[in-house]
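Everything below concerns the one structure shown next.
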Amino acid sequence: MDILPAPTTATSATTTSTTDSAVLTSDFDVFLQMLTAQVEHQDPLEPIDNSEYAAQLAQFSMVEQQVTTNDLIQQMLSALGANDMVSAANWIGKEALVEGPALFDGSPVTIAPNPPITADEVTLIVTNAQGTEVQRQTMPLGAEPFTWDGLAVDGSLLEFGEYSFEIESKSNGEVLIVDPALVYTRVTEARVESGETLLVLDSGYLIAATNVLGLREPV
């Protein structure tokens with residue numbers, strides 16, 4: 001799963017609105033300069049026709065209105081993003097269920113497995129931040145939360161740091177699937193970037209709020 005997903009529709013809309021507004025504002029300024037120059041340099045003996053002048057003023061008004069409308073759209077999108085952030089701010093301090101690495105600081109890490117029902121053997125594969133496999137541990141069958149205590153085979157604690165988890169499911173000795181594990185990790189910050197609500201996890205990773213699959217109070 002990508003930690004930073006592609007921008008949502010709201011993000012795209014914000015970008016488009018910003019671009020269009022800049023273009024319209026530029027056109028608006030050019031149009032105003034041309035109209036002013038036209039009035040200043042018109043032939044007094046052959047002034048601009050009233051109907052033509054009225055049409056130009058109408059066009060001027062339409063461009064001005066479009067710029068104002070685009071500014072209002074930007075403000076609305078920003079307000080929506082701010083509301084999302086207010087909601088996400090309530091998640092700070094809670095544990096979010098996500099697909100990604102977790103920070104091990106000596107406290108157990110809770111993993112939410114979901115092996116195929118046909119599996120008769122499930123193994124947790126643990127890798128460190130460098131991508132080196134450091135442990136394989138047999139897990140119970142089923143979808144009950146599993147607690148990884150970070151203990152090595154000799155009973156000592158593994159080094160503190162970032163770890164990633166995969167679940168290998170087998171049936172009759174054959175590997176059925178190897179999936180990234182879902183883990184509970186603490187939310188430390190909420191922010192809005194380009195109209196999208198993002199969460200900072202205690203592992204340091206940034207993830208879209210829409211990719212959170214569950215939420216719970218710390219245990």
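Atom set for the values below is all heavy atoms of this structure, side chains included, hydrogens, waters and symmetry mates excluded. Note that this is a predicted model, so its numbers are computed, not measured. Residue indices begin at 1 and follow the sequence shown.
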Atom of [X], atom of [Y] and distance for their closest heavy-atom approach:
{"X": "G142", "Y": "P113", "value": "O-CG, 3.8 Å"}
{"X": "G100", "Y": "V183", "value": "O-CG2, 3.3 Å"}
{"X": "S171", "Y": "T118", "value": "OG-O, 3.4 Å"}
{"X": "T123", "Y": "R136", "value": "CG2-CB, 4.1 Å"}

Test item: side-chain donor near acceptor, T110 and R216, under 3.5 Å: yes
Pairwise side-chain contact, V122 with E168, heavy-atom cut-off 4.5 Å (strictly under):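 Side chain of V122 against side chain of E168, heavy atoms only: no contact under 4.5 Å found.
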Hydrophobic cluster identity match, F146 and I167, side-chain contacts under 4.5 Å: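 F146 and I167: one cluster.
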Verify same cluster id: L215, I207 (apolar side-chain graph, 4.5 Å):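 Yes, it is one cluster - the side chains of L215 and I207 are joined through contacts under 4.5 Å.
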Plane angle bin for Y163 and F104 - parallel if under 30°, tilted between 30 and 60°, otherwise perpendicular: perpendicular
Sidechain-backbone polar pair: S203 side chain, L103 backbone, donor-acceptor under 3.5 Å: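 Pair absent, no side-chain N/O of S203 close to backbone of L103.
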Inter-residue atom distance I111.CD1 - E166.CD, 0.5 Å rounding: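 CD of E166 is found 11.5 Å from CD1 of I111.
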Side chain to side chain donor-acceptor pair (under 3.5 Å) between T185 and D202, intermediate numbers included: CA-CA 7 Å; T185 181; D202 60 1; 2.5 Å; yes
